[in-house]
Amino acid sequence: MTTHAFPTSSFLFGGDYNPEQWPREVWAEDMELMRRAGVNTTTIGVFSWALLEPREGEYDTGWLDEVIDALDAAGVSFFLATPTASPPPWLTRAHPDALPVRPDGSRVLHGSRDTYAISSPAYRDAARRVARMLADRYGHHPRLRGWHVHNEYGTIDHGPHAAAAFRRWLQQRYGNLEALNDAWYTAFWSQHYGEWEDILPPMQTQYLHNPAQVVDFKRFCSDEMLAAYSEQVAEIRDAGSAAPVTTNLMLPTWNHLDQWRWAEQQDLISIDHYLDTTGPDGETHVAYAGDLTRSWAGGPWLLMEQNAVGIREGDRTYVKDPDRMIRNSLGYIARGSQGSLFFQWRASAAGAESWHGALVPHAGPESRGFEATVALGRMLEQIAEVAEPPAEGPLIETEVGIVWDANGWWSLETPHLPNESLDYSAEVRATHRSLWRAGIAAEFVRPDADASRYRVLAVPSLFAMDDATVAWLEDYVRSGGHLVVGAFSGIADEHQRVVLGGYPGRIRELLGVRVEEIWPLAPGETVTLSDGSTVEEWTERMTLTGAQELAAYASGDLAGLPAIARHAVGTGRSTYLSARLRQDARDDFWSRLCAAEGITPEVPDAVGTGLEVVRRRGANGDYVFCLHHGDQVLTVTGPGHDLLTDRPTDGGLVIQPGGVAVVRTSPGTTWRVHAG
Ligand code: GAL
């Protein structure tokens with residue numbers, strides 16, 4: 001990643017700009033409104049392929065020149081997208097095989113967007129050509145902030161091109177069919193492969209899929225999309241454009257990509273993030289997205305899209321309050337985003353997403369929504385100095401790491417596990433949520449990364465582990481770390497082959513336990529532990545082979561048997577939770593564990609008040625972000641200066657419910673909060 005990918009004197013503010021939907025007079029108003037709101041960045045051309053290349057090989061860039069000239073005159077920079085997420089109708093007509101195929105063999109037809117078969121040579125060639133044309137034409141433009149390649153890679157193809165590419169990928173991975181048959185356990189159900197050509201992507205089939213095939217196909221799709229991305233990057237670089245390149249990753253509901261590997265290939269990491277709930281859990285969602293993306297990036301990153309005024313939950317779009325939009329925007333920035341960009345600048349008058357929120361809503365600039373846009377722009381100017389990262393060290397100090405692994409998600413989605421309600425992403429998020437509620441800063445860790453700086457390393461339900469991951473965890477514990485492992489971790493190798501002799505076979509000795517049976521609870525059923533915790537969904541019949549009991553099952557069929565155990569190994573220790581703690585019990589567990597480890601919240605008396613406090617380090621000091629999600633007036637006191645009110649905070653800074661503060665302070669300062 002290039003460290004100079006972001007300006008250091010300001011935050012990026014703006015969003016997707018799609019002026020091709022509007023007549024020229026609206027463009028003029030756009031420039032005026034952008035100036036009024038302090039917009040400095042747009043993303044253009046995301047879905048413009050059909051306009052940029054109306055016929056194969058024939059380009060029409062006149063309108064884009066005009067857009068760029070208008071932005072330039074208004075002093076607004078731009079990310080230029082390559083439009084390859086939305087192939088134009090002519091491409092489909094000329095190359096029907098460039099359309100994706102579903103698992104049932106049916107071909108998805110034109111009529112929406114993202115209708116591309118990632119392995120189709122015709123699609124890949126056309127994508128490279130249009131990226132090259134744009135790079136040749138605009139790659140040196142002084143207002144080019146960066147390249148936004150494609151949009152949210154994630155269309156999965158099961159067609160003949162994908163099948164052929166999948167086989168090539170498998171040949172690379174396994175070398176020969178014998179190794180593949182062994183890894184995939186094909187002796188079961190007569191699946192033994194004698195010819196490579198017989199291997200297919202996991203298509204619609206009679207009963208359960210082969211789990212190893214399912215996970216390998218996920219890995220393949222991630223690699224295949226990354227190859228397509230890299231081809232476009234190569235064209236851009238070959239054209240001599242030195243601007244940073246990114247693609248917007250979609251969080252957190254999509255699990256199509258191995259984000260750690262993708263992160264290595266990008267100059268800056270960007271995500272799109274859409275709240276999935278109107279309730280208070282939306283705030284933990286923002287923190288989760290921010291921490292995850294900062295971890296992938298290893299530093300600053302960029303929020304490429306969010307919704308300014310709407311929250312989509314189920315089949316309706318609820319209104320997002322201006323206060324919340326501002327709090328959320330600062331929440332991402334507190335956790336490392338170098339800006340707040342939105343989808344989209346102006347709400348479309350028609351089309352599939354005309355009811356999606358925007359910085360300029362349907363009501364126009366005379367609206368509460370646009371006032372909030374202007375207010376946010378002003379705030380980002382006031383806190384501009386925060387944008388400069390520290391010369392060294394992390395943006396946020398953390399002592400707790402949470403292992404994140406795309407393979408873990410994929411492996412827990414394979415069919416017919418003993419209790420399919422166990423959801424990898426929900427487990428990871430539940431752990432993060434508990435830490436968030438305890439006011440403890442956390443980040444995410446790639447298996448195999450240097451984990452020595454974490455006093456505690458959490459491994460939520462990592463079902464499958466390869467040899468390197470096992471060795472890495474052992475090393476972490478032996479060197480003095482505290483490993484906390486969630487139920488159903490370390491059961492299988494990377495091919496989903498269960499390690500025999502008692503679960504969790506991969507890390508049985510490290511945990512000092514032996515599980516003989518998995519005991520799912522019925523939906524809604526709960527069991528109590530001896531420490532008063534409530535567990536749901538998942539329990540295990542476990543014996544201790546070296547570990548000490550921390551809590552036992554106190555009710556249910558396993559009453560009297562150990563439920564949580566701790567094992568001393570080397571200079572460190574491991575803790576194993578054989579049960580799925582309900583969220584309240586999980587919150588207690590993590591808050592007690594952190595306290596015992598001497599890991600403290602930034603502001604202990606903020607915990608439980610609804611005030612989220614995040615300390616982001618900068619070149620000129622630390623910045624304490626106070627985001628008040630609660631409903632009580634609070635006063636925050638500590639040595640510093642609030643950049644938003646331009647007032648010292650030593651004598652106390654009052655924060656209204658829904659309000660925010662961004663305080664410049666020194667490293668090591670302590671803060672207090674009280675009601676009123
Ligand atoms: C994003 C996408 C945008 C827009 C937005 C609506 O995922 O990149 O183009 O569709 O969702 O929420």
Side-chain angles (χ1 to χ4, degrees), residues 16 18 20 43-65 67 79-102 107-139 144 147-166 168-169 201 220-241 243 245-248 256-257 262 265-266:
D16 278 40
N18 301 302
E20 59 269 40
T43 303
I44 51 177
V46 180
F47 297 111
S48 309
W49 199 344
L51 292 182
L52 286 170
E53 191 178 359
R55 277 162 297 279
E56 184 152 14
E58 243 178 70
Y59 299 115
D60 176 5
T61 50
W63 66 272
L64 187 57
D65 292 349
V67 171
F79 280 96
L80 182 55
T82 64
T84 54
S86 223
W90 60 255
L91 183 74
T92 302
R93 185 169 15 90
H95 307 283
D97 62 323
L99 287 165
V101 172
R102 292 202 174 108
R107 214 171 259 289
V108 168
L109 299 181
H110 216 93
S112 179
R113 65 174 189 192
D114 296 296
T115 44
Y116 54 87
I118 197 73
S119 307
S120 144
Y123 167 73
R124 291 276 275 270
D125 286 352
R128 269 201 308 266
R129 281 197 306 269
V130 72
R132 179 56 183 251
M133 181 279 289
L134 290 170
D136 281 338
R137 189 164 182 88
Y138 303 105
L144 177 64
W147 290 96
H148 174 299
V149 168
H150 201 87
N151 192 70
E152 298 178 341
Y153 276 99
T155 299
I156 303 297
D157 176 34
H158 293 75
H161 293 306
F166 183 38
R168 286 194 295 276
W169 184 92
F220 154 74
C221 289
S222 175
D223 285 359
E224 184 73 353
M225 289 189 273
L226 186 55
Y229 168 81
S230 303
E231 281 168 14
Q232 291 199 35
V233 178
E235 294 293 341
I236 289 168
R237 294 293 177 242
D238 202 47
S241 177
V245 184
T246 186
T247 185
N248 49 340
H256 303 312
L257 310 180
W262 278 70
Q265 305 292 322
Q266 300 190 53

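Remark: H148 NE2 to T247 OG1 distance equals 6.5 Å, nearest 0.5 Å. The CD1 atom of I118 sits 13.0 Å away from the OH atom of Y229 when rounded to the nearest 0.5 Å. Taking CD of Q265 as the reference point, atom OG of S230 lies at 4.5 Å (rounded to 0.5 Å). Between D157 atom CG and R102 atom CZ the span is 12.0 Å, to the nearest 0.5 Å. In this structure, CG in L80 is found 6.5 Å from CG in L144, a value given to the nearest 0.5 Å. Here the CE atom belonging to M133 is positioned 10.5 Å from the OG1 atom belonging to T82, to the nearest 0.5 angstrom.
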- Item | Residues D65, Y138; criterion side chain to side chain donor-acceptor pair (under 3.5 Å); working and verdict | CA-CA 9 Å; D65 292 349; Y138 303 105; 2.5 Å; yes
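Annotation: side chain of I156 is in contact with side chain of M225 (closest heavy-atom distance under 4.5 Å). With a 4.5 Å cut-off on side-chain heavy atoms, W90 and E58 do not count as touching. The closest side-chain heavy-atom distance from T43 to N248 is not below 4.5 Å. Between L52 and T61, the closest side-chain pair of non-hydrogen atoms falls below 4.5 Å. Side-chain contact check for R237 versus V245: some heavy-atom pair is nearer than 4.5 Å. In this structure, S120 and H95 have side chains that are not in contact, with every pair of non-hydrogen atoms separated by 4.5 Å or more. Within the 4.5 Å cutoff, no side-chain heavy atoms of T155 are placed close to those of V108. W147 has its side chain out of reach of V233: every pair of non-hydrogen atoms, C-beta onward, lies at least 4.5 Å apart.
Minimum heavy-atom separation, P83 to L134: CD-CD1, 3.7 Å. D136 and A239 make their closest contact through OD1-CB, 3.2 Å (heavy atoms, listed as atom of the first residue, atom of the second, distance). For the residue pair Y123 and P87, the shortest heavy atom distance occurs at CE1-CG, 4.0 Å. Nearest heavy atom pair, residue Y116 against residue G154, reads OH-N, 3.3 Å. Residue Q232 comes nearest to A127 through the heavy atom pair NE2-CB, 4.0 Å, listed as atom of the first residue, atom of the second, then distance.
The residues R129 and E56 are annotated as salt-bridged, a charged nitrogen and a carboxylate oxygen being separated by less than 4.0 angstrom.
Between the side chain of S241 and the backbone N or O of A135, no donor-acceptor pair lies under 3.5 Å. Between the side chain of R128 and the backbone N or O of E235 there is no donor-acceptor pair closer than 3.5 Å. Without hydrogens or angle criteria, T115 side chain to L109 main chain gives no donor-acceptor distance under 3.5 Å. No side-chain donor-acceptor contact under 3.5 Å links S86 to the backbone of F47.
Results of the side chain to side chain donor-acceptor pair (under 3.5 Å) test with S119 over E224, R124, R168, H161 single out E224 as the only residue that passes.
Aromatic ring orientation, F220 versus W169: perpendicular (interplanar angle above 60°, classes split at 30° and 60°). Relative orientation of the Y153 and W262 rings is tilted, given thresholds of 30° and 60° on the angle between their planes.
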